[in-house]
Chemist: 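A single structure is presented below for examination.
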Amino acid sequence: MYTRNITNVMNRSTAPVVTHDYFSDEFQRLLAHWNRQRLEPQFPRPDWRERLENDNHMQSLEIEFLEALRSQVAGRAAQAPKDPHAFIAWFEGLIETGPGQGDPLFPWLAEQATRNDLRWFFEQEAAGEAGFDDLVAYTQVKLPDQAKLELARNYWDEMGRGNHKGMHGPMLHRIADVLEVRPSIDTTVGESLALANAMTGMATSRSYAWHSVGALGVIELTAPGRSAAVAQGLRRIGLSGKERQYFDLHAVLDVKHSEAWNREALLPLVQEDPRRATAIAEGALMRLTCGARCFERYRKHLWVARARDVRLLN
Ligand SMILES: [Fe+2]
Ligand SMILES: [Fe+2]
(Lines give C-alpha, C1' and ligand atoms only; values in the text may rest on other atoms or scores of the structure.)
(Ligands and ions follow the chains in the order given, each with its own letter.)
Protein backbone atom coordinates (compact mmCIF):
# COMPACT_ATOMS: atom_id res chain seq x y z
CA MET A 1 0.00 0.00 0.00
CA TYR A 2 2.69 2.42 1.07
CA THR A 3 4.90 1.19 -1.74
CA ARG A 4 2.13 2.00 -4.21
CA ASN A 5 1.91 5.55 -2.84
CA ILE A 6 5.62 5.91 -3.34
CA THR A 7 5.37 4.71 -6.93
CA ASN A 8 2.69 7.31 -7.52
CA VAL A 9 4.91 9.98 -6.08
CA MET A 10 7.72 8.98 -8.40
CA ASN A 11 5.49 9.06 -11.46
CA ARG A 12 2.96 11.78 -10.87
CA SER A 13 4.00 15.09 -9.45
CA THR A 14 0.33 15.94 -8.95
CA ALA A 15 -0.23 13.06 -6.53
CA PRO A 16 -2.28 14.22 -3.52
CA VAL A 17 -0.27 15.30 -0.49
CA VAL A 18 -0.14 12.46 2.01
CA THR A 19 1.49 12.45 5.39
CA HIS A 20 4.53 10.22 5.25
CA ASP A 21 6.43 8.43 7.92
CA TYR A 22 9.56 10.43 7.14
CA PHE A 23 11.80 8.03 9.03
CA SER A 24 10.56 4.76 7.53
CA ASP A 25 12.80 2.53 5.41
CA GLU A 26 10.46 3.02 2.43
CA PHE A 27 10.46 6.81 2.53
CA GLN A 28 14.21 7.01 2.98
CA ARG A 29 14.87 4.55 0.15
CA LEU A 30 12.69 6.65 -2.12
CA LEU A 31 14.71 9.78 -1.27
CA ALA A 32 18.02 7.91 -1.56
CA HIS A 33 17.21 6.60 -5.05
CA TRP A 34 16.17 10.08 -6.13
CA ASN A 35 19.36 11.61 -4.73
CA ARG A 36 21.50 9.06 -6.52
CA GLN A 37 19.68 9.70 -9.79
CA ARG A 38 19.58 13.49 -9.65
CA LEU A 39 23.21 14.03 -8.61
CA GLU A 40 24.59 11.80 -11.35
CA PRO A 41 26.26 13.75 -14.19
CA GLN A 42 23.86 13.44 -17.15
CA PHE A 43 23.06 14.51 -20.70
CA PRO A 44 20.10 16.67 -21.71
CA ARG A 45 16.92 14.59 -21.82
CA PRO A 46 13.91 14.84 -24.12
CA ASP A 47 11.62 14.21 -21.14
CA TRP A 48 13.14 17.05 -19.14
CA ARG A 49 9.75 18.56 -18.30
CA GLU A 50 8.50 15.36 -16.66
CA ARG A 51 11.79 14.98 -14.85
CA LEU A 52 11.53 18.53 -13.57
CA GLU A 53 8.00 17.97 -12.30
CA ASN A 54 9.11 14.84 -10.53
CA ASP A 55 12.13 16.67 -9.07
CA ASN A 56 9.87 19.42 -7.76
CA HIS A 57 7.68 16.90 -6.05
CA MET A 58 10.62 15.00 -4.59
CA GLN A 59 12.17 18.23 -3.41
CA SER A 60 9.04 19.11 -1.49
CA LEU A 61 9.17 15.67 0.17
CA GLU A 62 12.81 16.31 1.01
CA ILE A 63 11.96 19.62 2.66
CA GLU A 64 9.11 18.00 4.59
CA PHE A 65 11.61 15.45 5.90
CA LEU A 66 14.20 18.13 6.78
CA GLU A 67 11.56 20.18 8.56
CA ALA A 68 10.32 17.13 10.50
CA LEU A 69 13.90 16.56 11.61
CA ARG A 70 14.49 20.24 12.36
CA SER A 71 11.40 20.43 14.54
CA GLN A 72 12.89 17.70 16.73
CA VAL A 73 16.01 19.73 17.52
CA ALA A 74 14.81 23.35 17.28
CA GLY A 75 14.15 23.71 21.02
CA ARG A 76 17.64 22.64 22.00
CA ALA A 77 19.28 24.62 19.18
CA ALA A 78 17.49 27.80 20.30
CA GLN A 79 19.45 27.58 23.55
CA ALA A 80 22.82 27.80 21.76
CA PRO A 81 24.50 31.13 22.59
CA LYS A 82 24.70 33.82 19.88
CA ASP A 83 27.93 35.30 21.20
CA PRO A 84 30.56 33.90 18.79
CA HIS A 85 33.07 32.55 21.34
CA ALA A 86 30.36 31.22 23.64
CA PHE A 87 28.80 29.56 20.61
CA ILE A 88 32.04 27.75 19.72
CA ALA A 89 32.29 26.50 23.31
CA TRP A 90 28.68 25.24 23.09
CA PHE A 91 29.39 23.59 19.73
CA GLU A 92 32.54 21.88 21.00
CA GLY A 93 30.57 20.66 24.01
CA LEU A 94 28.48 18.52 21.65
CA ILE A 95 31.33 16.00 21.65
CA GLU A 96 30.16 15.08 25.17
CA THR A 97 26.52 16.11 25.21
CA GLY A 98 25.35 15.64 21.59
CA PRO A 99 22.77 12.98 20.67
CA GLY A 100 24.40 9.57 20.15
CA GLN A 101 27.70 10.54 21.76
CA GLY A 102 29.12 7.76 23.94
CA ASP A 103 26.90 5.15 22.31
CA PRO A 104 27.77 1.63 23.54
CA LEU A 105 27.82 0.38 19.92
CA PHE A 106 31.37 1.65 19.41
CA PRO A 107 33.23 -0.01 22.30
CA TRP A 108 31.41 -3.19 21.24
CA LEU A 109 32.57 -2.81 17.63
CA ALA A 110 36.11 -2.20 18.89
CA GLU A 111 36.28 -5.10 21.32
CA GLN A 112 33.69 -7.76 20.55
CA ALA A 113 32.07 -7.60 17.11
CA THR A 114 32.80 -10.52 14.77
CA ARG A 115 34.00 -10.11 11.21
CA ASN A 116 30.42 -10.59 10.00
CA ASP A 117 29.13 -7.97 12.44
CA LEU A 118 31.72 -5.49 11.20
CA ARG A 119 30.90 -6.34 7.60
CA TRP A 120 27.19 -5.63 8.17
CA PHE A 121 27.98 -2.39 10.02
CA PHE A 122 30.32 -1.26 7.28
CA GLU A 123 27.82 -2.13 4.54
CA GLN A 124 25.17 0.02 6.23
CA GLU A 125 27.55 2.91 6.73
CA ALA A 126 28.96 2.77 3.21
CA ALA A 127 25.57 2.71 1.47
CA GLY A 128 24.51 5.69 3.54
CA GLU A 129 27.71 7.60 2.86
CA ALA A 130 26.79 10.79 1.02
CA GLY A 131 30.42 11.66 0.11
CA PHE A 132 31.89 14.27 2.46
CA ASP A 133 33.87 15.82 -0.41
CA ASP A 134 30.78 16.49 -2.52
CA LEU A 135 28.83 17.78 0.47
CA VAL A 136 31.62 20.29 1.16
CA ALA A 137 31.69 21.26 -2.52
CA TYR A 138 27.95 21.94 -2.60
CA THR A 139 28.03 23.83 0.69
CA GLN A 140 30.84 26.25 -0.16
CA VAL A 141 28.96 28.01 -2.98
CA LYS A 142 28.82 31.79 -2.29
CA LEU A 143 30.05 31.46 1.30
CA PRO A 144 32.00 34.41 2.77
CA ASP A 145 35.72 34.24 1.94
CA GLN A 146 37.20 33.05 5.23
CA ALA A 147 34.73 30.19 5.61
CA LYS A 148 35.06 29.31 1.93
CA LEU A 149 38.84 29.08 2.29
CA GLU A 150 38.49 26.63 5.18
CA LEU A 151 36.05 24.49 3.22
CA ALA A 152 38.52 24.58 0.32
CA ARG A 153 41.39 23.37 2.54
CA ASN A 154 39.18 20.62 3.92
CA TYR A 155 38.11 19.65 0.40
CA TRP A 156 41.72 19.53 -0.74
CA ASP A 157 42.48 17.04 2.05
CA GLU A 158 39.46 14.98 0.92
CA MET A 159 41.08 14.99 -2.54
CA GLY A 160 44.33 13.62 -1.12
CA ARG A 161 45.88 17.00 -1.91
CA GLY A 162 45.82 16.12 -5.57
CA ASN A 163 47.02 12.54 -5.15
CA HIS A 164 44.59 9.76 -6.10
CA LYS A 165 45.99 7.38 -3.47
CA GLY A 166 45.20 9.90 -0.76
CA MET A 167 41.58 10.56 -1.80
CA HIS A 168 39.26 9.72 1.08
CA GLY A 169 36.31 8.41 -0.98
CA PRO A 170 38.25 5.67 -2.81
CA MET A 171 40.00 4.82 0.49
CA LEU A 172 36.58 4.00 1.95
CA HIS A 173 35.64 1.92 -1.10
CA ARG A 174 38.83 -0.13 -0.69
CA ILE A 175 37.57 -1.36 2.68
CA ALA A 176 34.35 -2.51 0.99
CA ASP A 177 36.47 -4.61 -1.36
CA VAL A 178 38.56 -6.07 1.46
CA LEU A 179 35.46 -6.94 3.49
CA GLU A 180 33.69 -8.17 0.34
CA VAL A 181 30.55 -6.15 0.92
CA ARG A 182 28.30 -4.73 -1.76
CA PRO A 183 26.50 -1.76 -0.24
CA SER A 184 23.14 -1.05 -1.82
CA ILE A 185 20.23 1.27 -1.02
CA ASP A 186 17.68 -1.53 -0.92
CA THR A 187 19.52 -3.52 1.76
CA THR A 188 20.33 -0.48 3.90
CA VAL A 189 18.25 0.47 6.93
CA GLY A 190 16.23 3.69 6.71
CA GLU A 191 18.18 5.29 9.56
CA SER A 192 21.45 5.15 7.63
CA LEU A 193 19.80 6.45 4.47
CA ALA A 194 18.11 9.22 6.49
CA LEU A 195 21.51 10.41 7.64
CA ALA A 196 22.82 10.62 4.08
CA ASN A 197 19.57 12.11 2.79
CA ALA A 198 19.60 14.79 5.49
CA MET A 199 23.22 15.69 4.70
CA THR A 200 22.51 15.78 0.96
CA GLY A 201 19.33 17.81 1.42
CA MET A 202 21.06 20.42 3.57
CA ALA A 203 24.13 20.70 1.31
CA THR A 204 22.20 21.01 -1.95
CA SER A 205 19.61 23.55 -0.79
CA ARG A 206 20.82 27.11 -0.17
CA SER A 207 18.06 27.55 2.43
CA TYR A 208 19.95 25.09 4.62
CA ALA A 209 23.49 26.28 3.79
CA TRP A 210 24.29 27.30 7.40
CA HIS A 211 22.72 24.09 8.62
CA SER A 212 25.06 22.18 6.32
CA VAL A 213 28.09 24.05 7.66
CA GLY A 214 27.02 22.98 11.17
CA ALA A 215 26.29 19.38 10.16
CA LEU A 216 29.63 18.96 8.39
CA GLY A 217 31.46 20.61 11.31
CA VAL A 218 29.90 18.26 13.83
CA ILE A 219 31.02 15.28 11.74
CA GLU A 220 34.60 16.53 12.00
CA LEU A 221 34.11 17.04 15.75
CA THR A 222 32.67 13.60 16.52
CA ALA A 223 34.19 11.32 13.84
CA PRO A 224 37.61 10.75 15.49
CA GLY A 225 36.20 8.76 18.44
CA ARG A 226 34.02 6.57 16.22
CA SER A 227 36.77 6.10 13.64
CA ALA A 228 39.26 4.99 16.31
CA ALA A 229 36.80 2.39 17.62
CA VAL A 230 36.06 1.02 14.14
CA ALA A 231 39.80 0.96 13.31
CA GLN A 232 40.40 -1.04 16.49
CA GLY A 233 37.70 -3.54 15.51
CA LEU A 234 39.11 -3.89 11.99
CA ARG A 235 42.63 -4.41 13.35
CA ARG A 236 41.31 -7.07 15.73
CA ILE A 237 39.75 -9.06 12.87
CA GLY A 238 43.00 -8.91 10.90
CA LEU A 239 42.87 -5.96 8.50
CA SER A 240 46.27 -4.46 7.79
CA GLY A 241 47.18 -0.81 8.35
CA LYS A 242 46.83 -0.15 4.66
CA GLU A 243 43.43 -1.83 4.50
CA ARG A 244 41.94 0.11 7.39
CA GLN A 245 43.68 3.37 6.42
CA TYR A 246 40.42 5.35 6.08
CA PHE A 247 39.50 4.87 9.76
CA ASP A 248 43.04 5.25 11.14
CA LEU A 249 43.42 8.47 9.18
CA HIS A 250 40.11 10.01 10.28
CA ALA A 251 40.76 9.14 13.92
CA VAL A 252 43.63 11.65 13.77
CA LEU A 253 43.08 14.05 10.86
CA ASP A 254 39.53 15.04 11.82
CA VAL A 255 40.73 16.39 15.17
CA LYS A 256 42.68 18.99 13.18
CA HIS A 257 39.85 19.46 10.68
CA SER A 258 37.43 20.14 13.51
CA GLU A 259 39.64 22.76 15.20
CA ALA A 260 40.19 24.55 11.89
CA TRP A 261 36.49 24.35 10.89
CA ASN A 262 35.37 25.87 14.19
CA ARG A 263 38.00 28.63 14.15
CA GLU A 264 38.02 29.52 10.44
CA ALA A 265 34.43 28.81 9.40
CA LEU A 266 32.02 28.79 12.35
CA LEU A 267 33.53 31.67 14.35
CA PRO A 268 33.64 34.31 11.57
CA LEU A 269 30.24 33.22 10.23
CA VAL A 270 28.59 33.79 13.61
CA GLN A 271 30.56 37.02 14.17
CA GLU A 272 29.14 38.31 10.90
CA ASP A 273 25.53 37.32 11.59
CA PRO A 274 24.50 35.87 14.98
CA ARG A 275 21.32 34.34 13.48
CA ARG A 276 23.59 31.79 11.85
CA ALA A 277 24.41 30.36 15.31
CA THR A 278 20.91 28.87 15.55
CA ALA A 279 20.99 27.49 12.00
CA ILE A 280 24.45 25.95 12.53
CA ALA A 281 23.30 24.48 15.85
CA GLU A 282 20.18 23.01 14.23
CA GLY A 283 22.22 21.46 11.42
CA ALA A 284 24.67 19.92 13.90
CA LEU A 285 21.88 18.50 16.06
CA MET A 286 20.01 17.20 13.00
CA ARG A 287 23.14 15.31 11.94
CA LEU A 288 23.77 13.93 15.43
CA THR A 289 20.12 12.91 15.85
CA CYS A 290 20.31 10.94 12.59
CA GLY A 291 23.52 9.32 13.85
CA ALA A 292 21.97 8.39 17.19
CA ARG A 293 19.04 6.72 15.37
CA CYS A 294 21.51 4.71 13.26
CA PHE A 295 23.41 3.46 16.30
CA GLU A 296 20.20 2.34 17.98
CA ARG A 297 19.00 0.49 14.87
CA TYR A 298 22.43 -1.09 14.35
CA ARG A 299 22.53 -2.29 17.97
CA LYS A 300 19.05 -3.72 17.64
CA HIS A 301 20.05 -5.62 14.52
CA LEU A 302 23.49 -6.78 15.66
CA TRP A 303 22.75 -7.56 19.28
CA VAL A 304 19.45 -9.29 18.60
CA ALA A 305 21.19 -11.42 15.93
CA ARG A 306 23.93 -12.22 18.47
CA ALA A 307 21.39 -13.20 21.15
CA ARG A 308 19.64 -15.47 18.62
CA ASP A 309 22.93 -17.15 17.69
CA VAL A 310 23.74 -17.76 21.36
CA ARG A 311 20.26 -19.26 21.89
CA LEU A 312 20.79 -21.58 18.93
CA LEU A 313 24.13 -22.72 20.37
CA ASN A 314 22.67 -23.45 23.81
FE1 LIG B 1 37.57 12.58 5.03
FE1 LIG C 1 37.76 15.54 7.84
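Everything quoted here is computed from the prediction, not taken from an experiment. Counting starts at 1 for both ligands and their atoms, following the listed order.
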Chemist: From the Fe ion (ligand 2), how many protein N/O/S atoms are found at a distance short of 2.8 Å?
Modeler: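 Atoms of protein N, O or S type lying less than 2.8 Å from the Fe ion (ligand 2) total 4.
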Chemist: Before accepting this row, confirm whether a basic side-chain N of the pair Asp55/Arg51 lies closer than 4.0 Å to the acidic partner's carboxylate O.
Modeler: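 Between Arg51 and Asp55 there is no salt bridge, as every charged N stays at least 4.0 Å from the carboxylate O atoms.
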Chemist: Within the distance-only criterion (no hydrogens, no angle test), does the side chain of Glu96 pair as donor or acceptor with the backbone N or O of Leu94 below 3.5 angstrom?
Modeler: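 No; judged by distance alone, with no hydrogens or angles, the pair does not exist.
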Chemist: Scan side-chain atoms only and decide if Glu64 and Tyr22 contain a donor-acceptor pair under the 3.5 Å cut-off.
Modeler: yes
Chemist: Please confirm whether His250 and His257 have ring centers closer than 6.0 angstrom.
Modeler: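 When the ring centroids of His250 and His257 are compared, they turn out to be at least 6.0 Å apart.
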Chemist: Under the rule for salt bridge (charged side-chain N to carboxylate O under 4.0 Å, His left out), what residues qualify as partners of Glu259, not counting sequence neighbours?
Modeler: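 So Glu259 forms no salt bridge (charged side-chain N to carboxylate O under 4.0 Å, His left out) with any residue.
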Chemist: Are Thr114 and Asp117 linked by a side-chain donor-acceptor pair shorter than 3.5 Å?
Modeler: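 Yes, side-chain donor-acceptor contact under 3.5 Å.
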